[in-house]
Number of protein chains: 2
Amino acid sequence: MKKNTLGHLQKNTLREQIVTLLAKKIINNAIQPGDKLPSERDIAADLDVNRATVREALKKLETLGLIEIRHGEGIFVNDYRSSGNLELFRMMIYLNDTIPLSILQDVLEMRKIIVPEMAARAVQECSVSDLEEFTLIINEQEDILEKDLAVHHFIAKTSNNMLYIFILHFFNQIFRDFGYLYFENPDNRKRSEQFHQQLYKAFQDKKAEKAFSITRDVLEYTEKRIFDYYTKTYSNKR
Amino acid sequence: MKKNTLGHLQKNTLREQIVTLLAKKIINNAIQPGDKLPSERDIAADLDVNRATVREALKKLETLGLIEIRHGEGIFVNDYRSSGNLELFRMMIYLNDTIPLSILQDVLEMRKIIVPEMAARAVQECSVSDLEEFTLIINEQEDILEKDLAVHHFIAKTSNNMLYIFILHFFNQIFRDFGYLYFENPDNRKRSEQFHQQLYKAFQDKKAEKAFSITRDVLEYTEKRIFDYYTKTYSNKR
DNA sequence: ATAATAATAGTGGTTGAACCACTGAACCAC
DNA sequence: GTGGTTCAGTGGTTCAACCACTATTATTAT
């Protein structure tokens, strides 16, 4: 493989390789916020790829909020800690081999704040046909992970807050990738089934406060179990 | 929109025009989820632009979660309601001339849930040097809008939850563009100054519960004033 | 006839060279 | 100083061609 100053390329399409390469450099602070990147022509020459390919990669990095491209001036690195968006946050999770504990904590904490509130609101907005949909989810979905994700998505949709749907989708993307580990444990599977049943009853009875506490409790249980698992698995590395 | 002396200029690269054009078609359901878009070549020919330009636009739409590009197959429209991200949500605000009331409600509601919790957490995490930074923000920032944004950013940073920083940045992007209207009102300016002072005291005294209630109260005030303004301004259109 | 295989058409991915449009700096004229 | 002019460097766009992947169709072997 060709040696160059920016690093090596390996993965899928050339463009995605460039995205990953530059994103890593920025997130790992190899390139500092405010720094100016080499020109598109220089990057292309350095990586030995075409300028159009580099431009597509840069366009993605710009949409992720990692860089700012100024016509006639150049390409500048943003401070992703203050200018990033959730898609970037998600990317950071997958950039490393293991999900950093700090990020996991952040996600679980935010989830614990938002989801119970939204469950309470969903109860208030829940119509008869919504409740029927809830029944279908609980009874017809075999896979426990998919069922749990569907329940959360139902909460999001029924809350009638589009912003919540988007944020929840972000949560679900993460838990779809890591949740299968969680549900390998029979206790956890049982706890989730219990949650679904309890929550359904709260929706049936229109008890918003009940839905709130039920949801908060299961998320606290989940958080505890995930931390246990995490510290057990990686304790030797820390 | 953004305020400046002479008025609002719209920047317009060909690529961004294409992004806006296609995004509107998708969000307004002129193109349905699951639909296949014309090929890159056909789109380029249809719009009378080069294929490379179209590709850059498509790359952005893909990063926004609006479409999925499959090598050898084609371009497919996603269901943005379940696959979108916050950057897309933000774009939806600016696609129309006026920010839809429903979206405004969603944002304000979510803000009311998240920010007080984070303020409480920030108090607990707040160090002496953090408090000094808070002092600087309150005393040295002249512009009330910038000061308010800085206070919120301080809360986010001090809470030590990176996910919150990202979500708050999303809020701030919106309020930076619309907040000047809000602060034209002297009552609102005064209310915010009061909030900053009260919150600083809560941080000083390490009163997390106090910070929570103070923040919740000001957000409720803000929400009310914004709705008043909105319904007053657009009442004839509805 | 059927199943495996090969050719084909259509799609996105990449390339190279060229030119346009914008920015900042240096220089010039007033 | 102030305002133009030029120039070099940057991103934005174009064109024409080819590569790589996918699904379909035609062909072949059984």
Side-chain angles (χ1 to χ4, degrees), chain A residues 1-2 4-23 25-26 31 33-78 83, chain B residues 4 6 8-23 25-26 31 33-78 83:
Chain A
M1 195 173 296
K2 182 173 168 115
N4 53 49
T5 53
L6 288 175
H8 295 287
L9 302 180
Q10 288 188 9
K11 254 193 300 183
N12 295 324
T13 64
L14 267 178
R15 168 171 42 85
E16 290 307 317
Q17 293 175 44
I18 299 172
V19 168
T20 305
L21 181 72
L22 292 177
K25 285 209 175 291
I26 294 174
I31 312 178
D35 281 0
K36 191 173 171 181
L37 254 53
S39 72
E40 295 178 346
R41 290 169 177 83
D42 289 347
I43 295 177
D46 186 44
L47 297 178
D48 198 25
V49 295
N50 190 270
R51 193 180 148 212
T53 307
V54 171
R55 280 178 58 81
E56 289 182 9
L58 291 175
K59 225 47 55 184
K60 175 157 184 177
L61 290 171
E62 188 184 39
T63 308
L64 287 173
L66 278 174
I67 61 173
E68 184 181 343
I69 304 173
R70 303 194 204 129
H71 190 178
E73 290 187 65
I75 308 160
F76 299 85
V77 176
N78 282 335
S83 74
Chain B
N4 57 43
L6 294 175
H8 188 66
L9 295 180
Q10 68 175 31
K11 66 150 191 181
N12 258 340
T13 64
L14 263 178
R15 166 169 39 85
E16 291 307 318
Q17 291 177 45
I18 299 172
V19 168
T20 305
L21 182 73
L22 293 177
K25 279 195 185 298
I26 294 174
I31 312 178
D35 280 1
K36 191 172 170 181
L37 253 51
S39 71
E40 294 178 348
R41 290 169 178 83
D42 288 347
I43 296 176
D46 186 42
L47 298 178
D48 197 26
V49 296
N50 191 269
R51 194 179 149 210
T53 307
V54 170
R55 281 178 57 81
E56 289 185 10
L58 291 174
K59 231 46 53 179
K60 176 156 184 178
L61 290 171
E62 187 184 38
T63 308
L64 287 172
L66 278 175
I67 61 173
E68 183 181 344
I69 304 173
R70 303 195 204 128
H71 190 178
E73 290 186 67
I75 308 160
F76 299 85
V77 176
N78 282 335
S83 73

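The figures here come from the full heavy-atom set of this structure, side chains too, leaving out hydrogens, waters and symmetry mates.
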Checklist entry - Should A/Lys59 be listed as having a side-chain N or O under 4.0 Å from OP1 or OP2 of D/dG11? => result no
Next on the checklist: Strictly by Watson-Crick or wobble contacts shorter than 3.5 Å, is anything paired with C/dC30, and which nucleotide is it?
Outcome noted: D/dG1
Item to check | Sugar-phosphate, base or nothing in reach of B/Ile75, heavy atoms under 4.0 Å | outcome: sugar-phosphate
Checklist entry - When all nucleic acid strands are considered with a 4.0 Å heavy-atom cut-off, which category describes B/Lys36: base, sugar-phosphate, or nothing? => result nothing
Next on the checklist: Let's see if you can work this out: which of C/dT14, D/dG11, D/dA20 has an atom nearest to the side-chain heavy atoms of A/Leu14?
Outcome noted: C/dT14
Next on the checklist: Once you apply a heavy-atom cut-off of 4.0 Å, does A/Arg55 come out as touching a base, just sugar-phosphate, or nothing?
Outcome noted: base
Next on the checklist: Is there, by distance only and without an angle test, a donor paired with an acceptor across the side chain of B/Arg51 and the base of C/dG13 below 3.5 Å?
Outcome noted: yes
Checklist outcome for this item: With the side chain defined as heavy atoms from C-beta on, B/Ser39 is closest, among D/dT14, C/dG12, D/dG11, to C/dG12
Checklist entry - C/dA18 pairs with which nucleotide, Watson-Crick or G-U wobble, both distances below 3.5 Å? => result D/dT13
Checklist entry - If each of B/Leu37 and B/Ala52 is mapped to the nucleotide of DNA chain C with the nearest heavy atom, which maps nearer the 5' terminus, i.e. the 5' end? => result B/Leu37
Item to check | Between C1' of C/dT15 and CG of A/Leu47, the distance in whole Å | outcome: 15 Å
Checklist entry - How close or far is atom P of D/dG12 from atom CD1 of A/Ile43, stated in whole angstroms? => result 12 Å
Checklist entry - CZ of B/Arg70 versus P of C/dG13: gap in Å, rounded? => result 12 Å
Item to check | Among C/dT14, C/dG13, D/dG11, the nucleotide that comes nearest once only the side chain of A/Glu40 is considered | outcome: D/dG11
Item to check | Separation of C/dT11 C1' from B/Glu68 CD (nearest whole Å) | outcome: 14 Å
Item to check | Pair A/Glu62 + B/Lys60: basic N to acidic O under 4.0 Å | outcome: no
Next on the checklist: Mind checking if A/Arg15 touches a base, just sugar-phosphate, or nothing, with heavy atoms under 4.0 Å?
Outcome noted: sugar-phosphate
Checklist entry - Taking atom P of D/dC21 as reference, at what distance in whole Å does atom CG of A/Asn12 sit? => result 11 Å
Next on the checklist: Let me confirm one number: the OG1-CD1 distance from A/Thr13 to A/Ile18, rounded to the nearest 0.5 Å.
Outcome noted: 8.5 Å
Item to check | Nearest listed nucleotide, side chain of B/Glu73, among C/dG13, D/dA23, D/dT14 | outcome: D/dA23
Checklist entry - So among B/Val77, B/Val54, B/Leu61, which one has a side-chain contact (heavy atoms from CB on, under 4.5 Å) with B/Leu22? => result B/Leu61
Next on the checklist: Nearest 0.5 angstrom please: B/Ile43 CD1 to B/Leu58 CG, how far?
Outcome noted: 5.0 Å
Checklist entry - In whole angstrom, what separates B/Glu56's CD from D/dC15's P? => result 15 Å
Item to check | Donor-acceptor pair under 3.5 Å, B/Arg41 side chain vs C/dG10 base | outcome: no
Checklist entry - Between D/dG12 and B/Thr53, is there an OP1 or OP2 to side-chain N/O distance shorter than 4.0 Å? => result no
Checklist entry - How many Å lie between CG on A/Asp42 and P on D/dT10, as a whole number? => result 6 Å
Checklist entry - For A/His71 and D/dG11, what is the distance between atoms NE2 and P respectively, to the nearest whole Å? => result 9 Å
Checklist outcome for this item: Judged by nearest nucleotide, the residue sitting upstream toward the 5' end of DNA chain D, A/Ile69 or B/Asp48, is A/Ile69
Checklist entry - What is the distance from atom CD1 of A/Ile75 to atom CD of A/Glu68, rounded to the nearest 0.5 Å? => result 11.5 Å
Checklist entry - Would a 4.5 Å heavy-atom cut-off, applied to side chains only, mark B/Leu47 and B/Leu21 as touching? => result yes
